[in-house]
Enquirer: 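Take a look at the following structure, please.
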Amino acid sequence: TEQLNYVKNKKRIHTHGTDIPRLLETFDQLAHEYNVHPQIISNIKAAGYDLPTPIQMQAIPTMLHRRELMACAPTGSGKTAAFIIPILHHLKEPRNQGFRALVLAPTRELAKQTYREFQKLSEGRGFRIHYIEKASTAIKKFGPKSSQKFDILVSTPNRLVYMLKQECLRLHSVEWLVVDESDKLFEEGKTGFRDQLAEIYKACDGKSLRRAMFSATFAFDVEEWCKLNLDNVIQAYVGARNS
Ligand code: ADP
Ligand code: ADP
Ligand code: MG
């Protein structure tokens, strides 16, 4: 523990919560300690990621232990891979039971980037990853009459809510719901993200749902929401708390 505290202090990783999983100091630990598929580990290496970033050190093991998470770390610190790697591990292989992971992003550009990172890190695993480009075509593709041969969905909340209202998308099988840039999604105002999030949460009503929120800036209202709503949440902050 002393050694670990040293690393945590050095990397400026702050945590709150109970039974916080041990840091992931190297990606090889994914194989030895978590039995992550070798293809995923080689995809991480092929992406040029030699060592986990500080937020990855804490967020990856937290999610691998299926713990709900609120993570806060600066822009450019690798938050995307921090949630993609545990999701890919938990989904194991493609299945025909509808979306099992859902990632919400505040803008289309960010959703597309996240989609591309999913493709890169899941190369060779056969997962069907989707990004909703147009609500109208997505309705045909993902509706209840479709094959349900898809695994991962990345979307902005607006289109998703529209599709849920049309009853052309079911989210009962979602096991991981990730809200990226959650501070932005929680802002009130004309976009009404908070209401949209509530609709989406309502639709993700499977028994095994786990949630994780990621953001670059600390926001008190997000923290309050997480403490109130998430199950035994682990909070992980990298860098200054109010940066
Ligand atoms: P954030 O969401 O925190 O702003 P991103 O997930 O967009 O950050 O990552 C920023 C950059 O860092 C990306 O180009 C990504 O490919 C790269 N990156 C992610 N993880 C690592 C890592 N472990 N080592 C090196 N580069 C990484
Ligand atoms: P957008 O680019 O506006 O998100 P999409 O091409 O994804 O549109 O969706 C197709 C159509 O679905 C939109 O032109 C709009 O008519 C409708 N739509 C999407 N989101 C909503 C919403 N939240 N409320 C009402 N209609 C919506
Ligand atoms: Mg990001």
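Counting starts at 1 for both ligands and their atoms, following the listed order.
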Enquirer: So that I know where these two stand, are Phe142 and His130 an aromatic pair - ring centroids less than 6.0 Å apart?
Expert: yes

Enquirer: Just wondering, are more than 12 heavy atoms of other shown residues or ligands nearer than 6.0 Å to NZ in Lys8?
Expert: yes

Enquirer: Could you say whether the N/O atoms of Tyr49 and ligand 1 ever approach to under 3.5 Å?
Expert: yes

Enquirer: Checking contacts here: is it the side chain or the backbone of Gln113 that comes within 4.0 Å of ligand 1, counting heavy atoms only? Could be both or neither.
Expert: neither

Enquirer: A quick test of your reading: do over 12 heavy atoms of other residues, nucleotides or ligands sit less than 6.0 Å from CD of Glu93?
Expert: yes

Enquirer: Establish whether Val178 and Leu153 are linked, either directly or via other cluster members, by ILVMFWY side-chain heavy-atom contacts under 4.5 Å.
Expert: no

Enquirer: Does any N or O in the side chain of Gln196 come within less than 3.5 Å of the main-chain N or O of Val161, such that one atom is a donor and the other an acceptor?
Expert: no

Enquirer: If the cut-off is 4.0 Å to any non-hydrogen atom of Ser77, which atoms of ligand 1 fall inside it?
Expert: 1 (P), 3 (O), 8 (O)

Enquirer: Provide the number and element of each atom of ligand 1 under 4.0 Å from a heavy atom of Pro74.
Expert: 3 (O)

Enquirer: What's the shortest distance from atom 8 (O) of ligand 1 to any protein heavy atom, and which residue and atom give it?
Expert: Gly78 N, 3.1 Å

Enquirer: Taking salt bridge (charged side-chain N to carboxylate O under 4.0 Å, His left out) as the criterion, tell me which of Arg100, Arg95, Arg125, Lys92 meets it with Asp151.
Expert: Arg100

Enquirer: Would you say Thr18 and Asn232 are linked by a side-chain donor-acceptor pair, where the criterion is simply a distance under 3.5 Å?
Expert: yes

Enquirer: Short N/O distance, under 3.5 Å, between Gln56 and ligand 1?
Expert: yes

Enquirer: Check Asp19, Ile20, Leu230 against Arg67 for a side-chain contact (heavy atoms from CB on, under 4.5 Å) and give me the one that passes.
Expert: Asp19

Enquirer: I need the atoms of ligand 1 closer than 4.0 Å to a non-hydrogen atom of Leu51, numbered in the order shown.
Expert: 22 (C), 23 (N), 24 (N)

Enquirer: Any N or O of Pro52 that comes nearer than 3.5 Å to an N or O of ligand 1?
Expert: no

Enquirer: Ignoring angles and geometry beyond distance, decide whether Gly48 reaches within less than 3.5 Å of ligand 1 through its nitrogen or oxygen atoms.
Expert: no

Enquirer: Does Ala82 come within less than 4.0 Å of ligand 1, judged by its heavy atoms?
Expert: no

Enquirer: May I ask you to decide if the ring planes of Trp225 and Tyr201 are parallel, tilted or perpendicular, using 30° and 60° as cut-offs?
Expert: parallel

Enquirer: Check whether the side chains of Ser173 and Glu175 place a donor and an acceptor atom closer than 3.5 Å, and report yes or no.
Expert: no

Enquirer: Considering only heavy atoms of Thr53, which atoms of ligand 1 have at least one such atom less than 4.0 Å away?
Expert: 21 (C), 22 (C), 23 (N)

Enquirer: Can you find a protein heavy atom closer to atom 19 (C) of ligand 1 than 4.0 Å?
Expert: yes

Enquirer: Provide the number and element of each atom of ligand 1 under 4.0 Å from a heavy atom of Thr75.
Expert: 4 (O)

Enquirer: Checking a contact table here: which protein heavy atom is nearest atom 3 (O) of ligand 1, and how many Å away?
Expert: Lys79 NZ, 2.8 Å

Enquirer: Flag atom 14 (O) of ligand 1 as yes if some protein heavy-atom distance to it falls below 4.0 Å, otherwise no.
Expert: no

Enquirer: Answer side chain, backbone, both or neither: which part of Ala73 comes under 4.0 Å from ligand 1, heavy atoms only.
Expert: neither

Enquirer: Which of the numbered atoms in ligand 1 are below 4.0 angstrom from a heavy atom of Thr80?
Expert: 2 (O), 5 (P), 6 (O), 7 (O)

Enquirer: Do any heavy atoms of Gly76 fall under 4.0 Å from ligand 1?
Expert: yes

Enquirer: Just say parallel, tilted or perpendicular for the rings of Phe83 and Phe118, cut-offs at 30° and 60°.
Expert: tilted

